[in-house]
Amino acid sequence: MAMPGVTERPPGTPPLVQLRGIAKYFPGVVANQDVDLEVWPGEIHALLGENGAGKSTLMNVLTGIYQPDAGEIVIDGYLKSFASPVEAIAAGIGMVHQHFKLVRAFTVAENIHLGWSETPRRISAQELEARTAQLSASLNLAVRPGARIDELSTGEQQRVEILRVLARKARVLILDEPTAVLTPSEARELFKALKEFVARGNAVIFISHKLDEVLEISDRITVLRGGRKVATEPTGACSEKMLAKLMVGHEIVLDDLRARGPNAVAKANEPVVSLREVTARDSTGHVVLNKVSLDIAGGEILGIAGVAGNGQKELSELLTGMRAASSGQITLGGRDVSTADAADFSDFGVGHIPEDRLRSGLAPALSVTDNAVIREYDRAPVSLGPWYRPRAAAALARKIAEAAAVMVPNYSMPIRNLSGGNQQRFVARREMRIATKLLVAAYPSRGLDVGAINTMMRYFVELRDAGVGIVVISEELEELLNLSDRIAVMFHGEIMGIVDSAGADIEQIGLMMGGQRAAIPVRAAAMVH
Amino acid sequence: MAIRLQRLPSASPAIALAARAIAILLALVTAGLLLAASGAQPLKLAQQVLKSTFGSGFGLEDVGLLVTPLILTGLSVAVALRIGAWNIGAEGQFYAGAFAATGVALFIPGPTIVMLPLMFVAGALGGLLWILIPTLARAYADVSELITTLLLNFVATLLVYYVATGPWLDPGGHALGTTARLKHDIPEFIGMVHWGFPIAILLAVITAAAFSFTRWGYEVRIAGSNPQAAKYAGMPFRRHLIVVMLLSGAIAGIAGMLEVAGTVHRLQGGISNNFGYLGIMVAVLARGSCIGVIAGAALMAVILNSGIILQTQGINTSTVLAITGLILFFTAVGDELAHFRIVSSKPAEA
């Protein structure tokens with residue numbers, strides 16, 4: 001077996017980790033199918049893919065969080081099956097998750113020794129710290145044993161996590177998007193530590209969607225798409241362009257959804273919504289949207305592309321009044337709405353299909369009727385003055401369900417009893433009723449099957465042809481290219497550029513999703529032509 | 001073919017009701033077995049209880065007196081649940097309401113026709129003020145109302161003990177550890193049952209109607225079920241939280257006022273009779289429904305009354321507490337089991 005890119009090893013050495021034909025299914029979703037993966041001693045192996053490509057599921061199978069529905073796990077030549085992460089770590093497989101699992105009120109030493117069979121039953125704080133210092137020195141990962149986790153920077157916390165895993169004699173270290181939380185200099189230190197770790201005959205699996213760093217750090221790269229392995233290549237043979245193409249997929253079928261019908265309203269000249277240098281912060285003060293400028297015209301569909309977590313959710317909240325901007329200006333139909341709330345936006349004709357419908361778009365435990373009228377409960381016929389009319393509400397619910405082609409056996413049953421696809425169509429129809437100016441749809445096709453996605457897309461086209469401005473946030477580039485007139489690409493809370501969908505260069509969009517700026521100046525592209 | 005259990009996302013009302021009836025029956029049977037094991041004769045006792053409770057107008061009137069505060073404390077807890085808050089402090093708000101109403105009756109002179117409404121308002125305000133701090137702490141600092149309302153119960157209980165045995169002690173000295181008899185009584189409605197009973201039922205009906213037939217009620221329903229959805233729809237979650245929690249406290253305060261002005265006529269330590277805590281159970285039995293609270297309170301009142309009867313038969317008061325606990329326990333199990341159905345089918349495909 002020739003393994004280019006990996007240092008010489010004696011013949012007969014088995015791979016440290018071998019996954020054979022792994023499959024994992026969730027209700028209605030194939031998360032992994034036929035995935036083979038080999039990781040050799042001394043190797044940093046990058047796992048690349050878009051969100052939802054199945055990277056995390058595959059690693060959860062390897063670390064015993066999930067049990068595979070098919071396939072085998074071979075560690076060091078021995079067939080294994082892990083019932084829990086504890087068994088995986090005992091076999092030398094450790095994972096550092098994206099969200100650290102540390103006890104914030106405990107010291108570094110206490111966290112390292114927590115839940116570890118080698119921790120002595122009775123031990124003083126000094127001894128704990130001494131043991132930690134020793135571990136830290138022997139593994140060459142600098143930590144402050146006596147410091148509380150609260151006092152540490154994110155980079156330091158990550159080192160504690162890594163030390164925790166390595167102290168348990170992990171030979172394979174899995175890192176889930178480790179640099180997402182690091183500053184560039186912290187990332188550099190991490191890379192150095194990883195190189196030293198594999199030099200001792202261990203291996204690292206490095207999950208990422210950042211092309212540049214994958215090319216920098218890894219020895220080989222495996223690309224997953226739609227739950228399947230697309231390719232495993234030595235890093236030397238890869239380029240950013242080629243990886244972007246592998247990640248996003250070759251065949252982008254261009255449907256004709258962008259074409260206007262004969263009776264369609266033409267794209268308006270005046271924008272319905274304008275953002276000017278809008279910056280937003282999260283509750284801890286971190287910038288989540290950085291000086292975003294954007295115009296959306298009536299009768300156009302603007303796609304927002306990007307890897308999830310790069311500010312799309314915040315942008316959708318900003319466009320629907322759920323989040324206030326910390327600086328910059330938002331105008332809706334020429335009116336300054338920088339201080340308006342979600343009810344004002346909805347009154348103005350902004351519909352919102354939220355990212356997580358069960359968490360924010362619906363009250364899952366309440367009835368179909370209650371959920372149907374959440375946008376129109378404050379006006380006739382559902383309300384007269386202060387009075388709420390349950391019958392009128394039920395009538396509206398029936399109307400929405402009919403428009404959405406959702407069969408509702410009982411309108412007083414909790415809406416969570418409806419299937420995910422039905423809930424989504426129901427919410428979409430509800431929002432279309434009020435979206436006279438703008439509809440913001442965040443990941444509208446997530447969790448839907450192909451037929452339901454098509455229905456959803458037709459809804460959007462129908463609204464666009466009626467002259468409504470539409471913003472569609474999606475991870476599916478294909479979907480965006482088929483549907484939208486323009487695509488804005490987000491990265492780290494910024495818009496990297498806006499491209500016309502017609503004749504768009506998929507590779508270029510892939511590169512922008514990974515953090516490259518558009519060749520065209522962003523500001524010029526942001527203007528409505 | 002294989003027999004397996006399937007969990008449904010929601011239980012059908014008929015099955016849920018049946019599960020409750022079976023649960024209560026099982027709890028009583030269990031209690032009976034325990035009583036038999038400790039040498040009592042449960043069947044004879046049950047007969048005695050039924051006869052004393054339902055066999056005479058006297059027994060029913062006793063139940064009527066017990067049910068009034070239970071409806072209101074149950075309603076208080078159920079109302080708070082509508083906005084997703086656990087008011088464990090109905091007990092304290094009950095004391096605060098009784099305290100405020102007594103203060104008004106003792107120190108403000110006036111004719112009964114004026115004083116009773118004044119005491120009613122004072123009782124409501126007392127309960128409202130008692131929940132004010134937990135409400136604001138929850139609304140503005142996200143402090144768990146569960147803890148704060150619970151802890152304030154002890155403050156209220158001790159405050160009432162203090163005034164009843166200290167500054168407000170009956171100067172006539174006719175009774176130990178109570179205030180003087182209040183000059184204003186709530187008139188009788190039927191037999192010994194005072195007008196507090198219809199008032200309590202009316203309050204439950206009005207509250208239920210407000211939740212079902214007003215825009216405000218709809219907003220509270222959404223906000224209580226999913227605050228995130230309220231934010232999404234632009235509803236003022238915090239304002240609703242504050243209003244509903246204060247309403248919850250006021251209702252418990254009214255319960256205290258009715259108890260002191262209608263039934264006990266003196267403020268004394270232990271006047272709440274644990275009604276505040278039992279209200280939690282009433283609300284849970286009623287599944288948070290404002291109308292259901294009436295039925296839950298009736299069941300609770302019958303059990304409490306049975307306890308009094310059992311005591312005359314030489315059974316320890318703790319037994320009654322154990323029976324109520326058993327009922328709650330079996331009901332919780334029954335509610336969960338009502339979600340399941342048995343299906344026979346081929347094994348699920350891999």
Side-chain angles (χ1 to χ4, degrees), chain A residues 23 25 27 69-70 316-317 320-323 340-347 350 352-367 369-371 373-379 382-391 393 410 412-419 427 430-431 434, chain B residues 6-16 81-84 140-142 206-241 243 287-291 335-336 338-341 347-350:
Chain A
Y25 312 111
D69 291 318
S316 73
E317 289 176 348
T320 52
M322 287 180 70
R323 174 184 287 273
D341 68 10
D344 297 332
F345 272 72
S346 132
D347 286 344
V350 177
H352 181 197
I353 302 175
E355 176 179 4
D356 187 344
R357 55 191 171 254
L358 276 178
R359 273 193 59 203
S360 59
L362 297 169
L366 293 185
S367 70
T369 301
D370 279 343
N371 278 287
V373 300
I374 197 166
R375 290 300 195 185
E376 295 175 71
Y377 73 95
D378 58 347
R379 60 196 82 160
V382 180
S383 283
L384 288 179
W387 305 109
Y388 173 83
R389 301 164 70 217
R391 275 181 191 213
N410 175 1
S412 52
M413 77 179 184
I415 197 153
R416 61 167 174 242
N417 292 10
L418 292 179
S419 74
V427 170
R430 182 186 76 193
E431 297 305 308
I434 64 153
Chain B
Q6 186 182 26
R7 193 182 194 282
L8 304 173
S10 60
S12 85
I15 291 178
L81 278 178
R82 284 300 170 105
I83 197 75
Y140 291 96
D142 210 20
I206 290 175
T207 317
F211 280 126
S212 297
F213 299 110
T214 68
R215 269 171 59 179
W216 171 81
Y218 174 76
E219 289 193 4
V220 168
R221 217 178 318 151
I222 295 283
S225 182
N226 184 0
Q228 201 55 36
K231 185 183 167 202
Y232 163 82
M235 298 169 183
F237 174 73
R238 182 178 288 165
R239 196 172 82 204
H240 289 318
L241 178 74
V243 168
R287 310 184 117 194
S289 145
C290 294
I291 294 290
D335 277 2
E336 181 57 25
H339 282 85
F340 286 89
R341 68 173 181 195
E349 58 203 298

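Residue numbers begin at 1 in each chain, while the letters A, B, ... track the order of the sequences.
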Region of A/Val373 that comes under 4.5 Å of a non-hydrogen atom in chain B:
both

Least distance between heavy atoms, B/Lys231 atom then A/Met322 atom
CE-O, 3.3 Å

Hey, what do you get for CZ (A/Arg375) to OH (B/Tyr232), rounding to the nearest 0.5 Å?
4.0 Å

Among A/Ser360, A/Ala343, A/Ala363, A/Pro390, which residue has the highest count of heavy-atom pairs closer than 4.5 Å to chain B?
A/Ser360

With sequence neighbours left out, write down each residue that passes side-chain hydrogen bond (donor to acceptor under 3.5 Å, both in side chains) with A/Asn410, or none if nothing qualifies.
A/Ser412

Look at atom CZ of B/Arg238 and say whether more than 12 heavy atoms of other residues, nucleotides or ligands are closer to it than 6.0 Å.
yes

A/Arg379 atom CZ: more than 12 heavy-atom contacts under 6.0 Å:
yes

Rounded to the nearest 0.5 Å, what's the gap from CG on A/Leu384 to CZ on B/Arg215? Could you check?
10.5 Å

Below 4.5 Å from any heavy atom of chain B, which atoms of A/Asp69 appear? Answer side chain, backbone, both or neither.
neither

Quick one: which residue pairs count as a salt bridge (charged side-chain N to carboxylate O under 4.0 Å, His left out) with a foot in residues 216-226 of chain B, not counting sequence neighbours?
A/Asp370-B/Arg221

Please check: side-chain N/O of B/Tyr218 versus main-chain N/O of A/Ile374, any donor-acceptor pairing under 3.5 Å?
yes

